[in-house]
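Here, residue 1 is the first one in the sequence, and each next residue gets the next number.
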Amino acid sequence: MDWRPWGSEAFQTAREEDKPVFLSIGYSTCHWCHVMAHESFEDETVAEAINRDFIPIKVDREERPDVDAVYMAACVAMTGSGGWPLTVLLTPEQKPFWAGTYLRQTGAAVPAAAGGAPVAGR
């Protein structure tokens, strides 16, 4: 995965490349964050698809509780629940348009910006 830090440079790249942002928020002691990282982000096919179709940004909720709070609230508003790992798809203007938590590495594990529904849940 070509993870980028949260910041204006990543969002500028998203605007220039006309791509949505794949935001992943977790923390170091989160079991499901590590499971998803191993099952999905370390998979070459998944990483290639995310890197190709999105600007991937990784945030540690303990380092950026402000970012976590905003997008956790969006997830709860969109889905009725939240948790970590938190995955949110954003416009280059930082507006969320899809949110979920743990995404299983199955046939539709990579959210598609134009359609496609990932399998979400624990």
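- Note that CG of L89 is 10.5 Å distant from OG1 of T91, once rounded to the nearest 0.5 Å.
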Practice task
Could you go through the side chain to side chain contact (heavy atoms under 4.5 Å, CB included) check for L90 and F11 one step at a time?
Solution key: CA-CA 10 Å; L90 311 172; F11 290 101; 4.1 Å; yes
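- With sequence neighbours excluded, the residues that form a side chain to side chain donor-acceptor pair (under 3.5 Å) with E42 are H38.
- Checked against salt bridge (Lys or Arg N to Asp or Glu O under 4.0 Å), R15 has no partners two or more places apart in sequence or in another chain.
- D43 meets the salt bridge (Lys or Arg N to Asp or Glu O under 4.0 Å) test with no other residue; sequence neighbours excluded.
- The distance from the CH2 atom of W98 to the CZ atom of F22 is 7.5 Å, given to the nearest 0.5 Å.
- Between Q94 and Y71 there is a side-chain heavy-atom pair separated by less than 4.5 Å.
- Sorted by first and then second residue, the side-chain hydrogen bond (donor to acceptor under 3.5 Å, both in side chains) pairs involving residues 18-29 (not counting sequence neighbours) are E17-K19.
- Counting only heavy atoms from C-beta outward, the side chains of L23 and T87 never approach each other to under 4.5 Å.
- Evaluation of the side-chain contact (heavy atoms from CB on, under 4.5 Å) rule for T79 yields C75, S81 as partners, not counting sequence neighbours.
- Heavy-atom contacts from other residues, nucleotides or ligands closer than 6.0 Å to CD of E48 number 12 or fewer.
- Proximity of I57 to W3: side-chain heavy atoms (C-beta onward) are nowhere separated by under 4.5 Å.
- At least one side-chain heavy atom of W84 sits under 4.5 Å from a side-chain heavy atom of M72.
- Residues in residues 77-100 take part in no salt bridge (Lys or Arg N to Asp or Glu O under 4.0 Å) pair, two or more places apart or across chains.
- Checked against side-chain contact (heavy atoms from CB on, under 4.5 Å), N51 has the following partners two or more places apart in sequence or in another chain: M1, D2, A47, P56.
- The line from CG of L103 to CG of L86 is 9.5 Å long, rounded to the nearest 0.5 Å.
- Looking only at side-chain heavy atoms (C-beta outward), D68 and V70 stay at 4.5 Å or farther from each other.
- Residues satisfying the side-chain contact (heavy atoms from CB on, under 4.5 Å) test with A14, not counting sequence neighbours, are V21, I55, P92.
- For the side chain to side chain donor-acceptor pair (under 3.5 Å) test, no residue two or more places apart in sequence or in another chain qualifies with E44.
- Counting only residues at least two apart or in different chains, disulfide (SG to SG under 2.5 Å) contacts with residues 31-64 comprise C30-C33.
- Taking the salt bridge (Lys or Arg N to Asp or Glu O under 4.0 Å) definition, one finds that D60 meets it with nothing, sequence neighbours left out.
- At a threshold of 4.5 Å between non-hydrogen side-chain atoms, the residues W6 and K58 do not count as touching.
- Checked against side-chain contact (heavy atoms from CB on, under 4.5 Å), V35 has the following partners two or more places apart in sequence or in another chain: H31, W32, E39, Y102.
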